[in-house]
Visitor: 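Mind having a look at this structure? Questions to follow.
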Amino acid sequence: MQDDFFDQVYQVVRLIPPGRVTSYGCIGKYLGAPRSARMVGWAMHAAPTADPPVPAHRVVNSLGLLTGKMHFETPFTMQERLEAEGIEVKKDKVVQFKKLFWDPETELKL
DNA sequence: TTTTTGACGATTC
DNA sequence: AGAATCGCCAAAA
C-alpha cells in the first residue's frame with residue numbers, strides 16, 4: 001500500500017502544516033510526476049479510503065481554487081476547514097495563496 | 001483490452 | 001480577462 005503512487009501523495013499531503021496549502025501539480029512534481037497533476041487529484045478521490053485521514057482540504061489547484069470542495073461531505077466542508085485553520089477563502093479561492101503556499105520541494109528538501 | 005473520465009496545468013482563442 | 005481546448009497519465013467501467 002505504501003508503494004502506491006496514491007500513498008505517496010497521501011504522505012506528502014499529511015505533511016502539509018496547518019494553515020498552509022499546496023497544489024496538486026507541485027505534489028506530483030515532488031513525486032516525480034510533474035505532468036500527473038490529475039493523478040494527484042484522482043488519488044485524493046481515494047483519500048478518505050486511506051487509513052490515516054488525509055487533509056485533502058489543504059490541497060488546491062495551482063490557482064488556489066478549492067476545486068475539489070464539491071467532493072467533500074458538503075461543498076462547504078473544505079472552505080470551513082481551511083478557515084478553521086486560519087486560511088481565508090474568498091470566492092472558493094485561498095486568500096494570499098501565494099503566501100500560504102507550501103511547496104514540498106522547498107519545505108522538505110533539507 | 002478499450003474507452004471514458006477526471007479534486008490539473010498550461011496554452012490558445 | 002474569461003472561456004475553451006489540448007496534453008498527460010492512471011484508474012474505473
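Proteins come first, then strands; the chains are lettered A, B, ... in the order of their sequence lines, and each starts at number 1. It should be emphasised that the depicted structure is a prediction, and the values quoted were computed from it without experimental measurement.
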Visitor: Heavy atom of residues 70-103 of chain A under 4.0 Å from DNA chain B: which residues?
Guide: His71(A), Phe72(A)

Visitor: Check whether any side-chain N or O of Asn61(A) sits under 3.5 Å from a backbone N or O of Leu63(A) as a donor-acceptor pair, and report yes or no.
Guide: yes

Visitor: Suppose the criterion is salt bridge (Lys or Arg N to Asp or Glu O under 4.0 Å): which pairs have a residue in residues 65-75 of chain A, not counting sequence neighbours?
Guide: Lys69(A)-Asp92(A)

Visitor: Sequence neighbours excluded, which residues qualify as side chain to side chain donor-acceptor pair (under 3.5 Å) partners of Lys29(A)?
Guide: none

Visitor: Measure all distances between protein nitrogen or oxygen atoms and nitrogen or oxygen atoms of nucleotides 2-4 of chain C, and list the pairs falling under 3.5 Å.
Guide:
none

Visitor: Look at the rings of His45(A) and Trp42(A) and say which category their plane angle falls in: under 30° parallel, 30 to 60° tilted, over 60° perpendicular.
Guide: parallel

Visitor: Scan nucleotides 11-13 of chain C against the protein and return all N/O pairs shorter than 3.5 Å with their distances rounded to 0.1 Å.
Guide:
residue: dA11(C); atom: O4'; partner: Trp42(A); partner atom: NE1; Å: 3.4

Visitor: Any residue in residues 50-58 of chain A with a heavy atom nearer than 4.0 angstrom to DNA chain B? Just list them by number, or reply none.
Guide: Ala56(A)

Visitor: Looking only at side-chain N and O atoms, does Thr67(A) come under 4.0 Å of OP1 or OP2 in dC8(B)?
Guide: yes

Visitor: Please give me every residue in residues 26-35 of chain A whose heavy atoms get under 4.0 Å of an atom in DNA chain C, ordered by residue number.
Guide: Arg35(A)

Visitor: Just how far, in rounded Å, is C1' of dG9(B) from CG of Leu63(A)?
Guide: 8 Å

Visitor: Could you say whether Gly25(A) or Met39(A) is positioned toward the 5' end of DNA chain B, judged by the nucleotide with the nearest heavy atom to each?
Guide: Met39(A)

Visitor: With hydrophobic residues grouped by side-chain heavy-atom distances under 4.5 Å, do Ile27(A) and Leu65(A) end up in a single group?
Guide: no

Visitor: Where is the tightest heavy-atom contact between Ser23(A) and Val59(A), given as atom of each residue plus distance?
Guide: C-CG1, 4.3 Å

Visitor: With rounding to the nearest 0.5 angstrom, report the NZ to OG1 distance, Lys93(A) to Thr67(A).
Guide: 14.5 Å

Visitor: Strictly by salt bridge (Lys or Arg N to Asp or Glu O under 4.0 Å), give each pair with a member in residues 80-91 of chain A just once, sequence neighbours left out.
Guide: Arg58(A)-Glu85(A)

Visitor: Measuring only between side-chain heavy atoms, which start at C-beta, is Met44(A) closer than 4.5 Å to His71(A)?
Guide: no

Visitor: Taking all atoms of both residues into account, what is the closest heavy-atom pair of Thr22(A) and Trp102(A), and its distance?
Guide: OG1-O, 2.8 Å

Visitor: Ignoring hydrogens and angles, does a donor from either the side chain of Arg38(A) or the base of dC9(C) sit under 3.5 Å from an acceptor on the other?
Guide: no

Visitor: Closest heavy-atom contact between Tyr24(A) and Gly68(A)?
Guide: OH-N, 4.3 Å

Visitor: Can you sort out the partners of Asp103(A) under side chain to side chain donor-acceptor pair (under 3.5 Å), two or more places apart, ordered by chain and number?
Guide: none

Visitor: Closest approach of Cys26(A) and Pro104(A), non-hydrogen atoms and distance?
Guide: O-CG, 4.2 Å

Visitor: How does the hydrophobic cluster around Phe97(A) look, that is, which other residues are in it when side-chain heavy atoms under 4.5 Å mark a link?
Guide: Val21(A), Val60(A), Leu66(A), Phe72(A), Met78(A), Leu82(A), Ile87(A), Val89(A), Val94(A), Leu100(A), Phe101(A)

Visitor: Check whether any side-chain N or O of Tyr30(A) sits under 3.5 Å from a backbone N or O of Thr106(A) as a donor-acceptor pair, and report yes or no.
Guide: no

Visitor: For dA10(C) and Ser36(A) - does any side-chain N or O of the residue sit under 4.0 Å from the phosphate oxygens OP1/OP2?
Guide: no

Visitor: Toss me the dot-bracket line for DNA chain B: Watson-Crick and G-U wobble, both under 3.5 Å, 5' to 3', using | for pairs to another strand and [ ] for crossers.
Guide: .|||||.||||||

Visitor: Give me the atom names and distance for the closest heavy-atom approach of Ala37(A) to Gly25(A).
Guide: CB-CA, 3.7 Å

Visitor: Quick test of your reading: applying salt bridge (Lys or Arg N to Asp or Glu O under 4.0 Å), list the pairs with at least one residue in residues 32-52 of chain A, sequence neighbours left out, ordered by first then second residue.
Guide: none

